[in-house]
**Q** 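Before anything else, here's the structure in question.
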Amino acid sequence: MKMVRYKRLLAAVCVFAALSVSTVSAADTATLNENDLVIDKTTTETGEQVLPEKKNLEEVEQARTGSIEVVLTDGKAGTDKSNVKIRCQKVSEIVHGEYVLLKSYKDAGVDLNAIENSNDLKNAAEQLLSKAEESTNTNVTDANGTVTFKNLEVGVYLISAEDSEMYDTVEPSLIAVPTWSDSEGEMQYDVVIEPKHTEKQDKEENTAPQTNLEENTWRYAGLAGICVVGALVCIIRMRKRKS
């Protein structure tokens, strides 16, 4: 009967050890919420955005001026889209139905006339931003995350934002004045753009939960091993006493 009792004790110890490790792993994993794990998550998608085609550029009225309204959409929970400093820099003229980069951007390796999709436009914006000088045409967003640049000459403009601790990282964007509107069937000189933005990552928050999980797993695995060894020692001693 004693041998049966100790076998049952050994089985109970093994089950307890396994449950301890599983419980700790589950508890630590629960702390890894979406905000901890997701890096560089895109929080807004405005769809395909390209510059007006050559056939539309022929309709441009050079003497007219226009405006660009920049609208920041809601960012990660806890961020503030107000008081974000936005820059609006002209990078290209529209001459005889073609885009012609300004002198300071000619060595950026960008051909705006070859833009075919939104990915090309994004890459061009990033390349032009690397060549951009300090802009005097800057303003901050209001409480709704909106800022408008008025009295803009015809051309292509680079929209970018200074890094803000209170808001997501804003991707640079290119937009033309005027821009073709499919719904209106004509060129629009007052345009609106919603720049894409991505969550800022916190390396400490992203890696710390994984480190704790590994440490606790090894700690409890060791305790489980000690329990099993102790139970085996007890059984061996009982067998010796019985013999």
Side-chain angles (χ1 to χ4, degrees), residues 38-54 57 60 66-73 75-76 79-81 83-95 97-141 145-180 191-203 206:
V38 177
I39 299 176
D40 199 35
K41 177 184 176 183
T42 301
T43 57
T44 180
E45 179 63 50
T46 58
E48 283 287 308
Q49 178 191 340
V50 293
L51 298 176
E53 298 178 1
K54 182 178 177 62
L57 295 181
V60 171
S67 66
I68 299 176
E69 181 181 4
V70 182
V71 180
L72 298 182
T73 56
K76 179 182 176 181
T79 58
D80 184 2
K81 58 186 179 182
N83 294 314
V84 178
K85 192 173 184 179
I86 304 295
R87 295 182 289 256
C88 178
Q89 297 167 279
K90 187 176 182 179
V91 297
S92 173
E93 303 276 7
I94 298 177
V95 181
E98 290 190 346
Y99 300 108
V100 179
L101 289 176
L102 300 184
K103 184 177 180 180
S104 56
Y105 295 97
K106 285 189 178 296
D107 61 347
V110 172
D111 182 3
L112 296 181
N113 298 289
I115 299 295
E116 295 183 352
N117 52 54
S118 59
N119 189 56
D120 290 344
L121 200 62
K122 175 184 176 182
N123 292 336
E126 292 174 349
Q127 288 178 257
L128 291 169
L129 181 61
S130 67
K131 296 293 182 179
E133 299 177 352
E134 189 66 26
S135 175
T136 57
N137 195 13
T138 63
N139 210 334
V140 296
T141 56
T146 301
V147 61
T148 302
F149 297 92
K150 300 179 179 180
N151 299 317
L152 300 178
E153 299 175 346
V154 166
V156 179
Y157 290 82
L158 174 65
I159 303 298
S160 60
E162 287 191 4
D163 189 54
S164 170
E165 294 182 358
M166 298 304 296
Y167 190 65
D168 295 345
T169 299
V170 179
E171 294 184 8
S173 305
L174 288 172
I175 189 167
V177 175
T179 290
W180 177 260
V191 297
V192 179
I193 184 171
E194 294 182 356
K196 295 180 182 179
H197 48 92
T198 56
E199 294 179 5
K200 286 185 172 66
Q201 59 175 318
D202 190 323
K203 294 183 179 179
N206 288 331

**Q** Search all heavy atoms of Glu93 against all heavy atoms of Val154 and return the closest pair with its distance.
**A** OE1-O, 4.0 Å
**Q** Hey, what do you get for OG (Ser104) to CG (Leu128), rounding to the nearest 0.5 Å?
**A** 9.5 Å
**Q** Please report the shortest heavy-atom distance between Val140 and Lys85, naming the atom on each side.
**A** CG1-CA, 4.0 Å
**Q** Looking at Gln89 and Glu133, would you say the former's side chain and the latter's main chain have a donor-acceptor pair under 3.5 Å?
**A** yes
**Q** Would you say that more than 12 heavy atoms from the other residues, nucleotides or ligands in this model lie under 6.0 Å from the NZ of Lys122, or not?
**A** no
**Q** Going by heavy atoms in the side chains, are Thr198 and Glu171 under 4.5 Å from each other?
**A** yes
**Q** If you measure from CH2 on Trp180 to CG on Leu57, what distance do you get to the nearest 0.5 Å?
**A** 11.0 Å
**Q** Look up atom CG in Asp163 and atom NZ in Lys200, then write down how far apart they are to the nearest 0.5 Å.
**A** 4.0 Å
**Q** Going by heavy atoms in the side chains, are Asn139 and Val70 under 4.5 Å from each other?
**A** no
**Q** Can you tell me how far apart CG (Leu121) and CG (Leu112) are? Round to the nearest 0.5 Å.
**A** 8.0 Å
**Q** Measure the shortest side-chain to side-chain distance between Ile115 and Leu174 over non-hydrogen atoms and say whether it is less than 4.5 angstrom.
**A** no
**Q** If you count heavy atoms of other groups shown closer than 6.0 angstrom to CD of Glu153, is the number above 12?
**A** no
**Q** For residues Ala108 and Lys131, report the shortest heavy-atom separation together with the two atoms involved.
**A** CB-CG, 3.8 Å
**Q** Hey, is the main chain of Thr146 close enough, under 3.5 Å, to the side chain of Thr141 for a donor-acceptor pair?
**A** no
**Q** Roughly how far apart are Asp80 CG and Asp168 CG, rounded to 0.5 Å?
**A** 11.0 Å
**Q** Would you say the side chain of Tyr157 lies within less than 4.5 Å of the side chain of Val177, judging by non-hydrogen atoms?
**A** yes
**Q** Cys88 versus Leu152: any side-chain heavy-atom pair under 4.5 Å?
**A** yes
**Q** For the residue pair Pro172 and Glu126, what are the closest heavy atoms and their distance?
**A** CG-CG, 4.0 Å
**Q** How close do Pro195 and Val170 get, heavy atom to heavy atom, and via which atoms?
**A** CB-CG1, 3.7 Å
**Q** Checking side-chain hydrogen bond (donor to acceptor under 3.5 Å, both in side chains) against Thr73, which of Lys81, Glu194, His197 comes through?
**A** His197
**Q** So, Lys54 side chain and Glu98 main chain: donor-acceptor pair closer than 3.5 Å or not?
**A** no
**Q** Specify the closest pair of heavy atoms between Leu158 and Ala125, including all atoms of both residues, with the distance to one decimal.
**A** CD1-O, 3.8 Å
**Q** Please check if atom CD in Glu53 has more than 12 non-hydrogen atoms from other residues, nucleotides or ligands closer than 6.0 Å.
**A** no
**Q** Rounded at 0.5 Å granularity, tell me how far CD1 in Ile94 sits from OH in Tyr99.
**A** 5.5 Å
